[in-house]
Structure formats: structure tokens, C-alpha cells
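First comes the structure, then the notes that go with it.
For reference, positions follow the sequence shown, starting with 1.
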Amino acid sequence: QVQLVESGGGLVQAGGSLRLSCAASGRTFSSWAMAWFRQAPGKAREFVASISRSGGNTNYGDSVKGRFTISRDNAKNTVYLQMNSLKPEDTAVYSCAAATGAGLVYAYWGQGTQVTVSS
């Protein structure tokens with residue numbers, strides 16, 4: 001019954017910025033750990049960033065560390081991914097995921113939003 005809806009993807013030039021949003025359904029959003037993943041054509045899904053229930057702890061994949069920032073607004077049931085200094089290799093479908101229990105198993109996924117970075 002968990003619903004995740006991403007938005008904010010699009011076309012951007014290298015060096016530019018983009019902010020993705022993930023709107024979540026449910027009254028227990030504040031109890032979920034959230035994450036962003038991405039997948040480019042012909043490549044495996046890659047971890048991008050994660051954030052704890054209260055937002056106090058964040059983790060980033062090595063390829064985006066220092067450029068991307070994950071945040072959440074529990075009052076709005078929304079998770080964000082601020083992407084700066086974008087590179088062509090960041091081009092992928094970005095998906096939001098939720099872990100609703102202990103163990104950080106991301107069992108719920110949004111539909112994904114396309115991010116294309118041109119050179």
C-alpha cells in the first residue's frame with residue numbers, strides 16, 4: 001500500500017543542478033528510512049544516497065559524495081535529492097525507495113524519473 005512518486009527529473013547541462021522530490025503516502029513516513037538509487041541503460045542499479053528516519057544520518061555512494069545531498073521533510077512526507085555539479089555519467093533513471101522495517105531492506109520503490117546530463 002506504500003506509494004512513492006518521484007518528480008523533478010529532466011535535461012540539464014554538465015555542471016548544472018537539479019532537485020528531485022519523492023512524495024510518499026502513508027501516515028508512518030517518519031518511521032521509514034529512505035534512499036535514492038539510479039540505473040543507466042545496460043548497467044546495474046547503483047546506490048546514490050540514504051537518510052535515516054529523523055534525517056540525522058545520511059550516506060552517499062562514492063561517485064556522488066560531495067556533489068549530492070539527500071534530505072527529508074517529514075511534515076510533507078517528502079524526500080529530496082539535491083544534485084549539483086552534474087556530470088554526463090550521472091545520466092540515469094533515479095528511483096526513490098523506502099525501508100519500512102528494521103534492517104534497511106528497501107522493499108518499496110517509486111516509478112523512477114529520468115535525469116539526462118548533456119556535455
Handout entry: CD-CG distance between Gln114 and Leu11, expressed to the nearest 0.5 angstrom
Key = 9.5 Å
Handout entry: Lys43 NZ: over 12 foreign heavy atoms closer than 6.0 Å
Key = no
Handout entry: Between SG on residue Cys22 and CD on residue Glu6, distance to nearest 0.5 Å
Key = 5.0 Å
Handout entry: Side chain Gln39, main chain Ala92, donor-acceptor under 3.5 Å
Key = no
Handout entry: Test item: Gln3 side-chain N/O and Ser25 main-chain N/O as donor-acceptor pair under 3.5 Å
Key = no
Handout entry: CG on Asp73 to OG on Ser30, rounded to 0.5 Å
Key = 11.5 Å
Handout entry: For the student: nearest non-hydrogen atoms of Ser63 and Arg38, plus distance
Key = OG-NH2, 3.1 Å
Practice task
Please check if the side chain of Arg72 supplies one atom and the backbone of Ser52 the other of a donor-acceptor pair under 3.5 Å.
Solution key: yes
Completion exercise
Ala99 and Tyr106 have their tightest heavy-atom pair at N-CD2, 3.6 Å
Problem - Val64: hydrophobic cluster co-members (side-chain, 4.5 Å) - result: Val2, Leu4, Val12, Leu18, Leu20, Phe29, Trp32, Met34, Trp36, Val48, Ile51, Tyr60, Phe68, Ile70, Val79, Leu81, Met83, Leu86, Tyr94, Tyr108, Val115, Val117
Practice task
For the pair Phe47 and Phe37, name the ring-plane relationship: parallel under 30°, tilted 30 to 60°, perpendicular over 60°.
Solution key: perpendicular
Problem - Under-4.0 Å salt bridge between Lys87 and Asp90 - result: no
Practice task
Return yes when atom CZ of Arg67 has more than 12 non-hydrogen atoms of other residues, nucleotides or ligands closer than 6.0 Å, and no otherwise.
Solution key: yes
Exercise for the section: List the atom of Gly112, the atom of Val93, and the distance in Å for their closest heavy-atom pair. Expected result: CA-CG1, 3.9 Å
